[in-house]
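What follows is one structure encoded as structure tokens, with my remarks underneath.
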Amino acid sequence: MLGCVLALLPSTWLFLAADDRLGTIGDVPRTDVAMVFGAGLRGERPSPYLAHRLDAAAELYRSGRIEVVLVTGDNSREDYDEPDTMRTYLTERGVPDRRIVSDYAGFDTWDSCVRAKKIFGVDEAVLISQGFHIRRAVALCEEAGVTSYGVPAQGDRRDGVWYYGAVRELFAASKAATEAVFEPNPRFLGREEPGVSRALATAR
């Protein structure tokens, strides 16, 4: 029984850390930056999960609740480019290209959160992901120094992939707790980039 309790502690931490930080597109606080995490590609298009995240970001922009979208994902090889695919999808849905900033080294949630703070200078953001992932994203970005509000993407089918993602979060919670305690550097940090501040300047 003690083992079960200890195993569930990380998940409990994630639940409590993000409990008052979740909202909908209509009631999330107005914030300069929205952050969309990569979720895989289908050929040269976003996966259905990623498309739903981007749809939420586009709606937040059109409703005037955010000014800039930071797309963060994997571009570790030449033939796989999540950020540019995300950018194309958003521009097709009315988000101006100058209001989109790309992070090409968002290899996992912790890396994306730390890079948002240290590389792009983001202090506050609306985070967009699936419901089974959003609490971990909010908790980790808070630990990285980004005041965060989570918006779960809508429209997903509750299929085998969805349930796999939900179960996977039980194991990812332990990794997240370790990252929060030890605060490792991202796989790639690099130099500070002014992309977010420049994009915000076009909005004012």
Side-chain angles (χ1 to χ4, degrees), residues 9-23 28-40 49-50 53-54 56-57 60 65-76 82-83 86-87 99-153 165 168-200:
L9 279 178
S11 295
T12 303
W13 162 65
L14 292 182
F15 185 88
L16 295 176
D19 196 41
D20 61 346
R21 292 282 176 175
L22 303 183
V28 73
R30 294 183 184 274
T31 309
D32 284 343
V33 180
M35 189 171 164
V36 183
F37 298 85
Y49 281 1
L50 182 52
R53 298 179 187 189
L54 295 166
L60 281 168
R65 305 199 77 85
I66 56 118
E67 300 289 349
V68 170
V69 183
L70 173 62
V71 293
T72 174
D74 187 352
N75 181 213
S76 57
E82 282 186 327
M86 294 159 78
R87 176 186 290 270
R99 301 286 186 88
I100 305 169
V101 180
S102 299
D103 175 11
Y104 294 97
F107 300 123
D108 63 17
T109 305
W110 176 251
D111 283 14
S112 294
C113 290
V114 174
R115 286 178 54 82
K117 176 68 175 182
K118 293 186 175 181
I119 302 301
F120 296 95
V122 176
D123 296 317
E124 185 179 29
V126 173
L127 313 183
I128 305 170
S129 187
Q130 266 64 39
F132 54 74
H133 172 247
I134 194 64
R135 290 179 182 272
R136 178 160 60 94
V138 169
L140 286 178
C141 278
E142 287 280 340
E143 290 293 332
V146 180
T147 300
S148 301
Y149 312 96
V151 172
R168 179 178 175 272
E169 282 301 307
L170 294 175
F171 299 95
S174 296
K175 178 176 180 286
T178 301
E179 290 165 335
V181 171
F182 294 102
E183 299 186 350
N185 282 326
R187 193 185 317 177
F188 181 79
L189 194 58
R191 298 177 297 179
E192 294 181 12
E193 297 184 20
V196 170
S197 59
R198 287 178 178 172
L200 286 173

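These numbers come from the heavy atoms of this one structure, side chains and all, not from hydrogens, waters or symmetry mates.
Residue pairs satisfying the salt bridge (Lys or Arg N to Asp or Glu O under 4.0 Å) criterion with at least one member in residues 117-130, sequence neighbours excluded, are listed as follows: Lys117-Asp123.
Two residues are said to be in side-chain contact when any heavy atoms from C-beta on lie closer than 4.5 Å; Glu142 and Val146 fail this criterion. Side-chain contact between Ile100 and Val68 is absent, with no heavy atoms from C-beta onward closer than 4.5 Å. Under the 4.5 Å side-chain criterion, counting only non-hydrogen atoms from C-beta, Leu22 is not in contact with Tyr149. The closest side-chain heavy-atom distance from Pro152 to Gln130 is not below 4.5 Å.
Partners of Asp111 under the salt bridge (Lys or Arg N to Asp or Glu O under 4.0 Å) rule, at least two apart in sequence or in another chain, do not exist in this structure. Applying the side chain to side chain contact (heavy atoms under 4.5 Å, CB included) rule to Ala57 yields the partners Val36, Val69, Leu90, Ile128; only residues at least two apart in sequence or on another chain are considered. Glu143 is linked by a side chain to side chain donor-acceptor pair (under 3.5 Å) to nothing, counting only residues two or more places apart in sequence or in another chain. When the salt bridge (Lys or Arg N to Asp or Glu O under 4.0 Å) test is applied to Asp32, the partners found at least two apart in sequence or on another chain are Arg204. A search for side chain to side chain donor-acceptor pair (under 3.5 Å) contacts involving Ser112 returns Thr72, not counting sequence neighbours. Partners of Arg135 according to the side chain to side chain donor-acceptor pair (under 3.5 Å) rule, which considers only residues two or more places apart in sequence or in another chain, do not exist here. By the side chain to side chain donor-acceptor pair (under 3.5 Å) test, Arg87 pairs with Asp97, Ser102, sequence neighbours left out. For Arg198, the side chain to side chain contact (heavy atoms under 4.5 Å, CB included) test picks out Pro194, with sequence neighbours left out. The side chain to side chain contact (heavy atoms under 4.5 Å, CB included) search around Ala172 returns Arg136, Glu169, not counting sequence neighbours. Shown here are the side chain to side chain contact (heavy atoms under 4.5 Å, CB included) partners of Asn75, two or more places apart in sequence or in another chain: Asp81, Pro83, Tyr104.
Taken to the nearest 0.5 Å, the CG atom of Asp74 stands 5.5 Å off from the CD atom of Glu82. In this structure, CD1 on Ile119 lies 11.5 Å from CG on Leu70, to the nearest 0.5 angstrom. For the atom pair CG (Leu14) and CG (Asp19), the distance works out to 12.0 Å, reported to the nearest 0.5 Å. Here the OG1 atom belonging to Thr147 is positioned 6.0 Å from the CZ atom belonging to Arg21, to the nearest 0.5 angstrom. Atom CE of Met35 and atom CZ of Phe120 lie 9.0 Å apart (nearest 0.5 Å).
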Check: Hey, mind stepping through Ser129 and Arg53 against side chain to side chain donor-acceptor pair (under 3.5 Å) and telling me if it holds?
Finding: CA-CA 6 Å; Ser129 187; Arg53 298 179 187 189; 3.1 Å; yes
Note to self: What verdict does the side-chain contact (heavy atoms from CB on, under 4.5 Å) test give for Val71 and Asp103, after you've listed the backbone C-alpha separation in whole Å, the side-chain angles of each residue and the deciding distance to 0.1 Å?
What the structure shows: CA-CA 6 Å; Val71 293; Asp103 175 11; over 6 Å; no
Note to self: Apply side-chain contact (heavy atoms from CB on, under 4.5 Å) to residues Leu127 and Phe37 and explain how you reach the verdict.
What the structure shows: CA-CA 8 Å; Leu127 313 183; Phe37 298 85; 4.0 Å; yes
Next item on the list: Apply side-chain contact (heavy atoms from CB on, under 4.5 Å) to Val196 and Val33, showing your working.
Entry: CA-CA 8 Å; Val196 170; Val33 180; 3.8 Å; yes
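Taking every heavy atom of both residues into account, Thr109 and Ala137 meet most closely at CG2-CA, 3.8 Å. Gly195 and Val101 get closest at one heavy-atom pair: O-CG2, 3.5 Å.
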N/O donor to acceptor pairs below 3.5 angstrom from side-chain atoms of residues 176-193, sequence neighbours left out:
residue : atom : partner : partner atom : Å
Thr178  : OG1  : Ser174  : O            : 3.1
Glu179  : OE2  : Lys175  : NZ           : 2.5

